[in-house]
Amino acid sequence: MAEDLVIIGSGPAGLAAAVEAARAGVKVTVVDENASPGGQLFKQIHKFFGSEEHQAGIRGIDIGYRLLEECHLAKVKVMLNTAAWGIFHSSGNATTVAIKNKNDSLCSLDTKVVLLATGARENPLAFPGWTLPGVMGAGAAQTLINLHRIRPGNRVLMIGSGNVGLIVSYQLKQAGADIAAVIDIKPEIGGWGVHAAKLTRTGIPILCSHKIIEVRGLDKVEEAHVARVDREAKSIPGSEKLFKVDTVCIAVGLSPMAELAWSGGCRFAYLPELGGHVPVHNRSMETTRNNIYIAGDISGIEEASTAMEEGKIAGISIARSLGLLKNECAEELIRNKEKNLSALRGGPMGKTRKLAKEKLIRLFNIC
Amino acid sequence: MLMNNKPVTICRCEEVGNKTIEQAIDDGARTVDAVKRATRAGMGLCQGRTCQSLVAALISCKTGQPLANLVPSTSRPPFRPVRLESLAEVGAKLLLEKEADKI
Amino acid sequence: MKKSAQAVIIGGGIIGCAAAYYLAKEIDDVILIEKKCIAGESSGANYGMVWQQTRQDGYDLAAARRSLEIYPQLCREVFDLDIEYEEKGGMTLFFTDLQAEAAKGYVEYKNSLGVPVRLLSGKETRSLEPALSSRVTGSLFCAEEAQLNPFYTTLAFARAAQKEGATIYQGVEVLSINLDRGAVCSISTSEGKIFTNHVINAAGSWAGTVGAMVGLKVPVFPHRLQSLVTEQIPKLLTRTIQGSRIARTSEEAAKTFQYAYDTTGGNRPCINQQPPAECIIESSLFYAKPTVNGNIVLGTACDFAGYNRETSYEALAVIAHMAKMIIPRLKDVNIIRSWANFDPWTADGIPIVGETGVKGFFIAAGHGTGMSHAPATGEALAGLITGSAAAIPLGEANINRFTGYREEC
């Protein structure tokens with residue numbers, strides 16, 4: 001068999017897993033459909049919070065470079081512009097990962113273990129006019145400005161006041177766009193106070209209990225209609241506001257990108273706190289399908305820092321399952337990472353996620 | 001997830017609107033897969049990656065089913081479009097290996 | 001849920017839905033129970049062929065020909081949605097001169113049964129389907145054959161049945177069929193009990209499971225067919241084509257069309273016969289169905305893998321290879337999906353339709369050719385249950401053709 005471990009996705013979870021596994025002697029190949037590795041890290045030009053252990057004060061992009069260097073030193077093979085378009089059970093316990101490269105030529109990797117670190121996708125929001133050019137996901141806007149150095153528009157309405165909505169609004173502002181407003185259907189701001197404060201200091205209004213009614217324009221976004229909502233989220237007549245904008249960004253949450261896990265036959269659980277349907281996994285990050293592991297946002301929407309810790313646990317567990325790490329040794333390492341995860345899942349929002357993640361692991365043992 | 005009574009496109013690939021989907025639900029479709037079979041929502045180039053959550057929300061909204069029950073329709077490779085010729089090359093190689101290249 | 005019915009049909013595929021429609025026309029209180037959704041299994045994943053050139057003499061051919069007669073009328077008078085029924089003819093391709101030779105005898109035989117199939121040269125074939133490769137040395141063409149959209153056709157039958165008063169429950173599972181002195185008296189479902197004296201097992205590849213509920217062995221097995229679906233492209237093919245297996249020796253060539261003769265050679269199949277174990281991916285037939293929307297469905301790779309509905313890397317690649325050889329212009333087209341279904345399989349290739357040794361328990365299952373048979377099967381079954389005259393005789397399709405059936409009863 002060609003490979004010990006194929007990791008799909010070179011974001012923080014995938015790379016962290018690759019480093020841990022490779023250091024233990026696992027032969028690792030990472031595939032990613034993007035031209036550069038690092039996943040969302042390379043879009044994150046802001047500094048991380050938390051403890052020193054979790055690289056607080058360092059920008060996402062620098063964490064990405066650090067991980068890449070570690071991968072290089074650990075002799076991890078990283079295949080870029082390479083999309084995994086299917087995983088198939090092959091003879092024995094092996095898995096075939098079908099991949100295609102940039103030139104559309106195909107090949108396959110036969111591997112003992114697969115780690116799905118495919119991350120998340122942005123949730124859509126359907127309203128009249130949402131298919132007009134100029135309506136996009138906040139993540140897409142962030143990729144445009146921070147990766148490609150292209151400003152998607154000059155005047156932006158942001159829908160959603162979670163961390164993504166707040167951070168991307170600020171970054172759009174830094175890129176020279178005007179932010180007409182950030183709106184949220186909920187009565188309070190979804191993201192962290194620090195991010196919200198940065199916006200309000202620059203005079204950007206954050207309108208809670210507001211929703212988008214319609215986006216209008218001839219062949220691109222020209223105006224957005226917004227209304228205040230009551231407790232049932234119904235719009236209040238007479239409260240409509242019109243914003244002249246050329247861009248509307250949608251930041252209404254993320255969902256695990258889990259098609260490969262579905263097709264692999266993994267069992268799922270529905271946990272809205274984690275973004276919807278999530279593959280059930282055990283403490284080792286292994287799914288209900290032998291030799292298919294997950295880490296990062298695919299196992300529940302969290303953050304880059306938790307994704308890296310989960311990736312490390314997966315990498316260590318995989319090394320152990322391949323006989324390259326002694327059980328006691330692996331167990332100690334995993335307990336250490338679990339402690340880190342526990343610390344990262346602090347605060348009221350973190351606690352909800354922590355409970356949901358614990359439930360996910362409990363569900364693994366219930367058939 | 002839908003905002004008002006104006007028609008809204010749900011599946012962008014196949015250009016299926018909310019009215020068509022609501023009709024299918026009225027006609028008895030109770031799963032994302034059933035809506036897909038009845039309306040083509042989710043059968044296009046992106047294979048429902050964008051619209052399936054919207055379809056699930058519509059079904060839940062109209063029937064009161066919890067979102068937990070509304071799983072995506074069967075996930076099938078290829079998860080990214082692949083050129084037929086590229087796949088054919090793999091097939092030719094596999095058949096050669098089996099010495100059964102008959103066509 | 002209703003507490004009683006005159007007849008309960010198990011299975012919301014094309015056969016169950018057609019049976020529901022024809023029964024509901026004749027009697028009140030028809031219930032159809034489907035564990036997933038209408039057209040949720042094989043009826044939603046097939047090539048939508050209404051063909052006669054490949055049907056075996058007897059019930060198989062009679063049902064196909066009767067259906068070809070009924071469909072246009074259903075489209076005109078009954079269905080309230082467009083099932084994309086198009087009578088464009090069907091084509092079976094071959095690839096060697098030896099096969100063309102073998103085809104002559106086949107055409108004569110089929111013509112004698114009244115099937116208007118013709119032999120076309122390679123050139124004639126390509127004048128009808130210019131996208132076909134020069135490897136195609138000829139074809140069998142039957143103008144009186146059609147294609148349809150399998151989802152919509154199944155849905156159309158379901159809706160027609162509802163209009164006639166049938167009740168359809170989706171997402172409901174049958175747990176047991178209860179007998180009273182050897183006759184059906186009720187069924188228990190995940191949503192409650194229904195009293196009825198007639199149960200129709202239209203569960204396709206799951207017919208065996210349903211049969212076991214009344215202690216009958218119903219020898220229908222899931223035959224996994226895999227297919228690819230292309231993106232939407234401008235028109236490349238006019239009609240559904242089937243590629244025969246390649247034959248290089250006259251012996252092989254003689255077998256080219258064997259599947260459409262009586263394959264049992266007069267021997268009755270056995271109730272305990274299991275499907276062949278070997279993988280037959282390399283010898284599967286080729287199919288290409290152009291859909292109204294512009295996608296082309298390409299198949300097939302067949303094997304017996306139990307109820308494993310995954311698609312395999314090897315199978316998808318081999319289908320693509322066949323497609324490129326036969327329709328070279330497909331090479332730059334994108335594949336956007338694959339699927340696998342469980343085509344119901346019986347040992348002699350003929351479905352099982354009719355009454356059984358258990359009073360009130362009927363079978364209409366084992367249709368690898370559901371789209372070709374559904375209207376005729378539904379009509380005949382309704383006739384059998386209500387006692388009206390049959391348009392086609394069902395005798396040959398009865399389960400008692402299987403040796404060993406009696407011992408099972």
Side-chain angles (χ1 to χ4, degrees), chain B residues 11 13-16 20 23-49 59 63 65 69-71 73-103, chain C residues 36-40 43-45 81 95 135 150-152 154-155 158-159 162 168-171 228-232 243 245-248 281-283 286 293 295 298 309-311 313-328 330-340:
Chain B
C11 170
C13 301
E14 294 289 316
E15 297 184 342
V16 185
T20 309
Q23 185 62 50
I25 299 166
D26 288 340
D27 288 343
R30 288 290 176 275
T31 60
V32 175
D33 200 40
V35 166
K36 172 177 158 178
R37 282 160 201 264
T39 67
R40 295 188 62 82
M43 279 195 191
L45 205 58
C46 93
Q47 286 292 299
R49 278 183 270 280
I59 299 171
T63 67
Q65 280 186 78
N69 295 356
L70 295 165
V71 297
S73 69
T74 320
S75 284
R76 297 280 197 200
F79 295 104
R80 294 290 179 270
V82 296
R83 254 175 86 235
L84 183 128
E85 187 173 36
S86 310
L87 192 54
E89 277 161 18
V90 176
K93 226 183 278 170
L94 283 170
L95 283 179
L96 262 183
E97 278 165 22
K98 291 188 152 213
E99 292 179 288
D101 191 0
K102 287 184 178 170
I103 292 177
Chain C
K36 280 175 73 183
C37 64
I38 297 298
S43 293
L81 82 169
F95 309 97
R135 288 165 188 269
F151 301 123
Y152 294 164
T154 310
L155 273 180
R159 279 158 66 160
Q162 284 169 312
I168 295 178
Y169 296 110
Q170 301 185 58
L228 300 175
V229 183
T230 72
E231 62 186 319
Q232 295 178 4
R245 278 168 213 161
I246 193 88
R248 293 219 170 81
I281 282 173
E282 296 95 321
S283 59
F286 175 73
N293 292 284
N295 309 89
L298 301 166
R309 65 173 79 243
E310 284 170 24
T311 51
Y313 184 59
E314 183 188 35
L316 302 188
V318 170
I319 295 167
H321 172 66
M322 287 198 287
K324 186 192 151 195
M325 291 298 176
I326 296 169
I327 313 169
L330 280 174
K331 72 181 176 58
D332 291 319
V333 168
N334 277 313
I335 300 300
I336 60 167
R337 185 173 175 80
S338 62
W339 51 250

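Per chain, numbering begins at 1; letters A, B, ... match sequence-line order.
Interface remark: B:R30 contributes no atoms to any contact with chain C (heavy atom separation under 4.5 Å). Residue B:E89 does not touch chain C at all, counting heavy-atom pairs closer than 4.5 Å.
Rounding to the nearest 0.5 Å gives a distance of 11.0 Å between CG of C:L298 and CG of C:L316. Expressed to the nearest 0.5 Å, how far CG of C:D332 lies from CZ of B:R83 amounts to 4.5 Å. One distance of note links CG of C:L228 with CG of C:L330; it measures 10.0 Å at 0.5 Å rounding. Taken from OG1 in C:T230 to CG in B:L84, the straight-line distance is 8.5 Å, to the nearest 0.5 Å.
When each of C:E231, C:K324, C:R337 is checked for heavy-atom pairs under 4.5 Å with chain B, C:R337 comes out on top. Here B:P78 is the residue among B:P78, B:P81, B:S73 with the most heavy-atom pairs under 4.5 Å with chain C. Across B:K93, B:E14, B:Q47, the residue that shares the most heavy-atom pairs under 4.5 angstrom with chain C is B:Q47. Top candidate by heavy-atom pairs under 4.5 Å with chain C, chosen from B:G44, B:S86, B:P77, is B:P77. For the set B:V82, B:V90, B:T74, the count of heavy-atom pairs under 4.5 angstrom toward chain C peaks at B:V82.
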For this session: Start with the C-alpha gap between B:R40 and C:N295, add the side-chain angles, then the distance that decides, and say whether side chain to side chain donor-acceptor pair (under 3.5 Å) holds.
Result: CA-CA 12 Å; B:R40 295 188 62 82; C:N295 309 89; 2.9 Å; yes
